[in-house]
Amino acid sequence: MPDLPLSNPIMFHPARWKNWNAVVSGKLLGGVIAISSILLLWYVLSIAVKPWVPTPEDTVVAIWKNLLSTSFWGDFWLTLGRVMASFVTASIVGAAIGILIGMNEKAEAFLQPLLALALAVPDPVYIIFAILTFGTGETAGFVALTIAVSPFVSNIVRSSVQARDIGLDEMAKIYRLPKRVFFRQSLVPQLVPALLTAGRFAFALSWKLVVVVESIGQPDGIGASIFHSFRLLRMREVAATAIIFIVVMQLLERGVLGRIEKKLLKWRD
Amino acid sequence: ADMPGVTLQAVAGSVGGVPLMIMKGEGLDKKYGFDGKFEFLPHEGVFQNFLIGKSDIAMDNDILGVAIARDEGFDVTAFYPVGNLYLGIVVPGGSEAKTPEDLKGKKVGHFGADSGTTTFIRTIVQEMYGFDVLEEYEFSQVGPAALVPLLKSGEVEAIFDFESFVSEAIVATDGHYLLQAHKDYSEFTGGFAPWITNMVAHGDWLKENPELAYAVRDAYDEAIEILESTDYEVLRKDYILEGLGITSEAVLDVLIENAKSTPYFTNDWSPEKIAAAEAFLDKLSKDGLLIENVPDGVMVTLEDYVGPRS
Amino acid sequence: MNKLQKQSLSIAALVLLLPAWWIAHLNTTFISSPFQVARLLPAFLSEGSTWYNIGVTLFRVVAGLVLGIVAGFIAAFAMNHSRLMREVLGYYVTSALRTPSAIAAILSVAIFKGSEFGYILVVAFITFPYMAVGLRDGLASADKGLAELGQIYHLGLFTQIRHVTAPFVAPYIFAALRNAHALAWKVIVVAEIFGAARVGFGAKFEHAWSYMLMDEVHLWLLVFMALVLFAEYGVIRRAEKFVFRWR
Amino acid sequence: MNTDTRETVLKVVDLGVSYGETPAIAQLDFEVKRGEFVAILGPSGCGKSSMLNVLSGLMAPTRGRVVVDGDELYLPRSKDPRLGYVFQAHRLLPWRTVRQNLEIVLGASDVPRDTWHARIDEILEILHIAEFKDAWPMRLSGGQRQRVSIARAILVDPSYILMDEPLSTLDEVTARSLRQELTGICQRTGATIVFVTHSIREAVYLADRIIILTRGPAQVFENYIVPLERPRDYDDARIAEVEADIVARVQAPWGLETVKERDVA
Amino acid sequence: MNTDTRETVLKVVDLGVSYGETPAIAQLDFEVKRGEFVAILGPSGCGKSSMLNVLSGLMAPTRGRVVVDGDELYLPRSKDPRLGYVFQAHRLLPWRTVRQNLEIVLGASDVPRDTWHARIDEILEILHIAEFKDAWPMRLSGGQRQRVSIARAILVDPSYILMDEPLSTLDEVTARSLRQELTGICQRTGATIVFVTHSIREAVYLADRIIILTRGPAQVFENYIVPLERPRDYDDARIAEVEADIVARVQAPWGLETVKERDVA
Ligand SMILES: Nc1ncnc2c1ncn2[C@@H]1O[C@H](COP(=O)(O)OP(=O)(O)OP(=O)(O)O)[C@@H](O)[C@H]1O
Ligand SMILES: Nc1ncnc2c1ncn2[C@@H]1O[C@H](COP(=O)(O)OP(=O)(O)OP(=O)(O)O)[C@@H](O)[C@H]1O
Ligand SMILES: [Mg+2]
Ligand SMILES: [Mg+2]
């Protein structure tokens, strides 16, 4: 019997690293590469497209000034409030419609063309019509944002509802789980990934749209301030204001949605 | 047949574009030796359109905008005046307001605190009545066109807007000017009033095409000559109706009426007027309104800038 | 419920919009009468420039969307493939995801001096992160069992992607595609407005709006909606039916 | 003929099932008495799972009737969870632990809440998975999941239990133990059980009667009453005898002969 | 000791597997010879599927080594698909028909394309599912899916085949036929087979050697060489004898005694 050289154990998948050092340094390295390449790109653009793209240095100064200014923080909280209000409402309304049309063929046949239409209407149209209907108070912006964002949420949730495991529906039927229990324990958990994606989407979209809303119909807020700076061609301030808000939105999403996600998807390993 | 082309732009719906319409309608461009391409663009992106070089001459920039752009490093300069302040505060027929002071605490529509229209009205009111509209009024913001239905629906008690939307608003609400910027301010100062729009071009375009710049200026001179000599009746021509998007005969009547009381256009580019305008800008920057400092060369004369006609 | 019933419900939903429109018209100053718009529609549709403008916008949307989808796919696969790429591209995706469309539009139009490519790029830039994130989520939730299958049977990378991964993430792709498609239309309109485009739907819409030509505003909106509905029902739904025929 | 004197509680009349054009069940007629343990034997793909789906009310038959408890149909949303079903695939909620998966079913029953804990512990003990009470289903082995699925089906003492190859993924030891328990449950609660299996020996050991089906689309080939008194011993020679008898009988209808021919080749 | 003179092709040394803190495999050491048919017997949850996952290279062991074919490793992207794996869950691609599911594996092999058709037909014939060639997996019964999964594993004559309870969901007739085929394949292609099963009889009939594991976390309880020459007959009394022998041996380590006690209670 030939003796075996025990030299070549099976190689294993690097994806299964559980080495924290490696993870942390990977994160760090990734961040460094990403940020430095973005900065480089930015710098090149700021030279190539002279007055339009501000230099990173100018922008940093502007960011610092903004952080110290009270009017910036006034705008900031105002916009954040608007984003949150419409994000939450759009998520709830959109998810409810998504579940309804995912579960009910009739509702889907009826609502789907309307949703497709609602998705199609350009945002400025919503905003303008909302202002003409509700006046220029907070209501108009809120309504416009909510109507513009909800259909996206519905779409995502609907696909997920339709892709659910029918086996579990049958299980619930057999054991006569009450509607409420079926909904909470079987349907919603299957939708969690989609709901999180939809939440992210709604959050990102609300912020994108709030800028347009405020630029068209609101005298205050981050969006208005960005457009104010833009009309004055102060591109560094446009960049500064946007960057601060972008970073905060990102931190918020990571912190809040990320934590929720971890908790809800614990069972997946 | 082989004339050099010039692209000229103005804001859609604004009377600032009328001289361009006349140039086109009456063939003044060909007459002065250039082939005009006239573009009327929505208010939203119009300045940007010019700054990225998609048109050679903009007829719709106020000196504030030029100052701001120069300060940010754009080589653009105003080389001739165009529109007087054909703008102001409009209230509907039944309004109880007699002066801008009566609107304090009321809802007023405008299309942007950083627009030339609002800035001019704001400075003028500040100077004449001693208060800041941005603080005293409750502002609603929509585009210049949308202000008209906003006023009509009663959502706001007054609007800050420019012609021809002013005329539209007056007709739609049986309204009137509460403040006519040019008229009221020049009465107040006893002569000087800034003007709203200029002919603006990029510095290098001017230097490369001096004779074209002169030609456009000449065409403009003749266009406003036509306006004045016809007592503004030329506005009734179809190409103007279409160009401005006038919705009814009644609006046109008001538009002509308004022009008679405050001439829409000027070609007074005297050193005194330029100096007064520079002083006005200095004052704005000192008050910290919109601009921080006034760069050189916001306003030039072609003679100084590119030399006398060849 | 059979197909006919479904279709009639869908059509009923759209038809019911007409009375809603009529009521809105009666109660506001800025909504035109549906009859008035209907009367103008034939002339509007038979005009060459209408189709030219729609065509321009359509081209921008399609080209931008294709670019965005390709970029999104590449990013998602790269992110799924390596941890470093995930970190690095994460920053790019996040930046793109959070940049307001209006700012992206302004910058892109400025950088490319108002050329066609500027408009196409905004669409690509705005849609790409949505494709990337949607796809990445799909890949992340991909059935480990099926991934292992590929490993065991040495399915090549192409086969693995084409026959195992792609069908699995297909629902995610469709959801992302739907949304990216809708976003693309929204963005192009914003870009055309803020970028002062001369031609295209956004330019004409804004033009009509600037002149307060409400009938024309409605006409443009109608054509626009028809186009987007066609894309949804004529293209995306069909593709979806075909891809999911195994269900 | 079945000479059982117990009341008939389940009656299948002229049942036919097709998926689109393809028939899955040709025709079935049979009855089940209260408390009876009926095993179903049939070749793979003959329509057994389809039949259970119809019996449970999950699927409407293409033809024929199912009468349960006289004229009453049991699926439509009555509050009483009288039905237990061990699906061929386990169908656990992956986001709930083993215990939570069971609690959900208890929640839909009228079992008083203070007894839940004891009941769950007891049933998991019986199924030898007590230590996995708080595990997520994804972390369980195939057989462990199957046992949770069985636990769920018998948890609330249902009057009917449908089982689709419940023991097929379990090792011999565990399977023996569970067979033992199943007969116990049947006797204790008087539950009526319809039990699909591929193990003929298992069927013989467990059932009062075996319904042998033909190759699909299924028909009843034989209603085989198991001629053994209870209690039975799994290792008893008589069980092996009956098993051999059945094997001999199904050779023809299931096509065992074909297989024999292959052997020679 | 194994006195087999064939070359050792698979060597498992001091293998240990844990999921987080919980151990699934305590310690395994064994060897497999070329062309050997090894059955694995072990109680449910003892770590058999985990072991196959390690042997196939899908999962890294927590401890120990696996050596395949001398120093050659078969998992990392080598072009040669010499491995077949019948998973405990079938893992068919639901969006591909039966035939397409098989073609995908052929596509990754060097089997010439013009022979695909014949090969697929042949293998489906062997597994008695030829008529489902163009069906979607969702439309198949549990046993039918399982057979497609088997077809996929043996399709390209792999040199190693790992099977996780491949026949457990099949009826007696089909299972017998397939057992027959499996020994045939093993002899014809010289494939090395590691076969997890719960049916002791099946193991005895099929295997050269049975590795009996302890209750989980698994250890090798016994390396049982099946003392029967080939060809064997499934209904042979000697098979039943060996089966009884093994049942007796595993009683203690698997805890059959506990079960017996329950019986009395
Ligand atoms: N992903 C996982 N996470 C944590 N524990 C796991 C995981 N997978 C399996 N286990 C545990 O590891 C042990 C062995 O599981 P494995 O699936 O290997 O058993 P098995 O021998 O194949 O059982 P069966 O015969 O029931 O299929 C079990 O106790 C199981 O609970
Ligand atoms: N959803 C479906 N669509 C079409 N055909 C189906 C569907 N489900 C099952 N079938 C077919 O119906 C027949 C019976 O399937 P069923 O699952 O009832 O068999 P079974 O007796 O339970 O088999 P097994 O013992 O293998 O589980 C099979 O031929 C199968 O291919
Ligand atoms: Mg079945
Ligand atoms: Mg297993």
Side-chain angles (χ1 to χ4, degrees), chain D residues 19-20 22 24 41-50 88-89 126 128-129 132 135 139-144 146-147 164-165 167-178 180-181 184 197-201 215-216 231 233 235 240 244 246-247 250-251 254-256 258-260 262-263, chain E residues 19-20 22 24 41-50 88-89 126 128-129 132 135 139-144 146-147 164-165 167-178 180-181 184 197-201 215-216 231 233 235 240 244 246-247 250-251 254-256 258-260 262-263:
Chain D
Y19 293 100
T22 40
L41 278 178
S44 165
C46 78
K48 302 179 297 298
S49 298
S50 306
Q88 194 161 9
I126 291 177
H128 310 293
I129 41 172
F132 299 102
R139 307 246 166 108
L140 297 180
S141 79
Q144 289 162 346
Q146 189 63 19
R147 282 179 274 168
D164 203 348
E165 308 179 26
L167 309 181
S168 69
T169 58
L170 299 178
D171 65 277
E172 200 49 38
V173 176
T174 314
R176 277 172 188 236
S177 151
L178 294 191
Q180 188 76 30
E181 296 292 343
T197 179
H198 284 311
S199 162
I200 299 177
R201 189 167 184 184
R215 270 203 171 281
D233 180 350
D235 294 309
I246 294 179
V247 169
V250 296
Q251 279 183 9
W254 290 15
L256 202 55
T258 339
V259 176
K260 284 271 154 159
R262 286 194 79 86
D263 285 9
Chain E
Y19 293 100
T22 41
L41 278 178
S44 166
C46 78
K48 301 179 298 299
S49 299
S50 307
Q88 193 161 11
I126 291 178
H128 310 293
I129 40 172
F132 299 102
R139 307 251 163 102
L140 297 181
S141 79
Q144 289 162 346
Q146 188 63 21
R147 283 178 274 167
D164 203 348
E165 306 180 28
L167 308 180
S168 69
T169 58
L170 299 179
D171 63 277
E172 199 49 38
V173 175
T174 315
R176 276 172 188 236
S177 152
L178 293 190
Q180 188 76 30
E181 296 292 344
T197 179
H198 285 311
S199 162
I200 299 177
R201 190 165 182 187
R215 267 201 174 282
D233 179 352
D235 294 308
I246 294 179
V247 169
V250 297
Q251 280 183 9
W254 291 14
L256 202 55
T258 339
V259 177
K260 285 270 155 163
R262 286 194 79 86
D263 285 7

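Lettering of chains follows the sequences in order, A, B, ..., and the numbering in each one begins at 1.
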Determine the option with the most heavy-atom pairs under 4.5 angstrom with chain D, choosing from E:Thr197, E:Ile200, E:Leu170.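 Of E:Thr197, E:Ile200, E:Leu170, E:Leu170 has the most heavy-atom pairs under 4.5 Å with chain D.
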Which residue out of D:Gly45, D:Ser199, D:Gly184 racks up the most heavy-atom pairs below 4.5 Å with chain E?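 Winner by heavy-atom pair count: D:Gly45.
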Options D:Ala24, D:Ser49, D:Ala244, D:Gly142, ranked by heavy-atom pairs under 4.5 Å with chain E, top entry: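 Looking at each of D:Ala24, D:Ser49, D:Ala244, D:Gly142 in turn, D:Gly142 comes out on top.
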Quick check on side-chain hydrogen bond (donor to acceptor under 3.5 Å, both in side chains): which of D:Gln144, D:Glu172, D:Arg147 does E:Ser44 satisfy it with?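 For E:Ser44, the side-chain hydrogen bond (donor to acceptor under 3.5 Å, both in side chains) check succeeds only for D:Arg147.
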Which bit of E:Thr169 is near chain D, if near means a heavy-atom gap under 4.5 Å: side chain, backbone, both or neither?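 The answer is both parts of E:Thr169.
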How long is the span from the CG atom in D:Asp171 to the OG atom in E:Ser168, to the nearest 0.5 Å?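 Here the rounded value is 12.0 Å.
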